[in-house]
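First comes the structure, then the notes that go with it.
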Number of protein chains: 2
Amino acid sequence: MKKVARTEIPRKAIYRLSVYSRCLHRLENNGIHTVSSEVLAKAAGVKSTQLRKDLTYFGQFGTRGLGYDVKQLIEMISERLGTKSLQPVVIVGIGNLGRALLSYRGFAQEGFEVVGAFDVSPSRCLSGNSSMKVQSMEELPKIIDKHFVKMAVLCVPPTAAQEVANQLIEYGVVAILNFAPIVLSVPDEVTVNNINLAMELENLSYFINE
Amino acid sequence: MKKVARTEIPRKAIYRLSVYSRCLHRLENNGIHTVSSEVLAKAAGVKSTQLRKDLTYFGQFGTRGLGYDVKQLIEMISERLGTKSLQPVVIVGIGNLGRALLSYRGFAQEGFEVVGAFDVSPSRCLSGNSSMKVQSMEELPKIIDKHFVKMAVLCVPPTAAQEVANQLIEYGVVAILNFAPIVLSVPDEVTVNNINLAMELENLSYFINE
DNA sequence: AAATGTGAAGTTGTTCACAGCT
DNA sequence: AGCTGTGAACAACTTCACATTT
């Protein structure tokens, strides 16, 4: 029975908030201080009515006849998304994908700090061009505790994914970005976002046939 | 006015087809030949009514009182998804992510063959543990032509993404898996699936706050 | 005049209830 | 009896139309 007030905000609206945020940053960099829903919506690839509706889920931020204050909207969104302060993240499973994510500069840019990289056999993982040391799974609880980690990126093989997820949750993680192609079963209070490359490709494949 | 009959199939249903397919393969490996919508739905993490509805978008495949023939359903789905034969794919932009995808074994497993890897400066890309040679962008049209490539994975920096997408489309690509965090504008007949790591993280971040 | 905010209408997707096979 | 297939009810999300504010 938690997130009562929040549940009524469509999940898709929250995704769009991220898009708006990116567009707003571009506008800000171009020295633009005020933007109408019409213009921002176009930049984000949505209808202006949808943008306005999305924003009203969180309050009223515009000035009628004028539009929205770019800086203020950015503030508001990053507050609502919880990206105002650096969010600590661990990456578990340093195979090809895990390694790529470790050296992905985007994390820091978007307000996430990778505070740990873990693998069952850390020695196997040539850490590549990343400076982060890969640690064994035994260190996981320590690091999660020390940095108050709430978020994990899961790149282990599908066979290990559920077990590792269970561990993460036990140690206090409440949000998992799951790259393993299986359906994780987790308690209600844990949020899982799945990224499944094979599924995306198969989906595209469908649309190729006419 | 194309895909008239297909447009009415919800895109989400097509994604779920991929999930069902994976579950069915697991069942098949366990020597199970027949499955009810109830059981398969549970494995896929959906309601049984939804599974049945999804399948009826494509026809009738079950036997009342009995269930579905596992093998036959697998056949049907792979046919509808267009994964019966190997689908050729090119990867453009061999940075960290591109390199990871190049050495990702999942592609072949799921019916996709990477027939080319491209980058503006191929020499920069230490091809890592993959055996595939990285080629310069000039080779792109040749390879697309030679292998009848319809699908591309786009891993270039956001500033280059639109331009490269335009090229791909010009050369005949009609489906793009886009990792660049921008909204690509493409003609109607081209399908784009976006994967945006930052957005997924931000989205999770929202759910961490209670 | 210009642009937001929002109830109501419309659209899309999901679940129910049950008829219809095997 | 058991389980699929499906029209109808329902729920979620999007778009419209317009009242409201600056």
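Chain letters run A, B, ... following the sequence lines, proteins first, then strands; residues in each count from 1.
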Partners passing salt bridge (Lys or Arg N to Asp or Glu O under 4.0 Å) against B/E200 (at least two apart in sequence or in another chain):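 Per chain and number, B/E200 pairs via salt bridge (Lys or Arg N to Asp or Glu O under 4.0 Å) with no residue.
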
Distance-only side-chain donor-acceptor flag, A/Q162 / A/N166, under 3.5 Å: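 There is such a pair between these side chains.
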
Atom-to-atom span, [atom1] of [X] to [atom2] of [N] - whole angstrom:
{"X": "B/I9", "N": "C/dG13", "atom1": "CD1", "atom2": "P", "answer": "11 Å"}
{"X": "B/K47", "N": "D/dA12", "atom1": "NZ", "atom2": "C1'", "answer": "14 Å"}
{"X": "B/D54", "N": "D/dT4", "atom1": "CG", "atom2": "P", "answer": "14 Å"}
{"X": "B/L73", "N": "D/dC3", "atom1": "CG", "atom2": "P", "answer": "16 Å"}
{"X": "B/Y57", "N": "C/dG13", "atom1": "OH", "atom2": "P", "answer": "7 Å"}
{"X": "B/Q50", "N": "D/dA12", "atom1": "CD", "atom2": "P", "answer": "14 Å"}

Short side-chain to backbone donor-acceptor contact, B/T34 and B/G67, under 3.5 Å: no

Minimum side-chain heavy-atom gap A/L197-B/Y104 below 4.5 Å: yes

With sequence neighbours excluded, residues passing side-chain contact (heavy atoms from CB on, under 4.5 Å) with B/A43: B/C23

Any pair counted as side-chain hydrogen bond (donor to acceptor under 3.5 Å, both in side chains), so long as it reaches residues 143-157 of chain B, sequence neighbours left out: none

Listed once per pair and sorted, the side-chain hydrogen bond (donor to acceptor under 3.5 Å, both in side chains) pairs that draw on residues 58-77 of chain A, sequence neighbours left out: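 The answer is A/E75-A/K84.
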
Selection: residues 30-44 of chain A, any non-hydrogen atom under 4.0 Å of DNA chain C: A/S36, A/S37

First encountered from the 5' end of DNA chain D, between A/G65 and A/R16: A/R16

Derivation and outcome, side-chain contact (heavy atoms from CB on, under 4.5 Å), residues B/L168 and B/L140: CA-CA 8 Å; B/L168 286 166; B/L140 191 48; 4.0 Å; yes

Contact under 4.0 Å: A/Y68 side-chain N or O vs C/dG5 OP1/OP2: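 A/Y68 to C/dG5 OP1/OP2: side-chain N or O found under 4.0 Å.
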
Listed pairs, N/O of protein and of nucleotides 6-9 of chain C, under 3.5 Å:
from  : atom 1 : to    : atom 2 : distance (Å)
C/dT6 : OP1    : A/Q60 : OE1    : 3.2
C/dG7 : O6     : A/K53 : NZ     : 3.4

B/P88 versus B/V149, closest heavy-atom pair with distance: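 For B/P88 and B/V149, the tightest heavy-atom pair comes out as O-CG1, 3.9 Å.
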
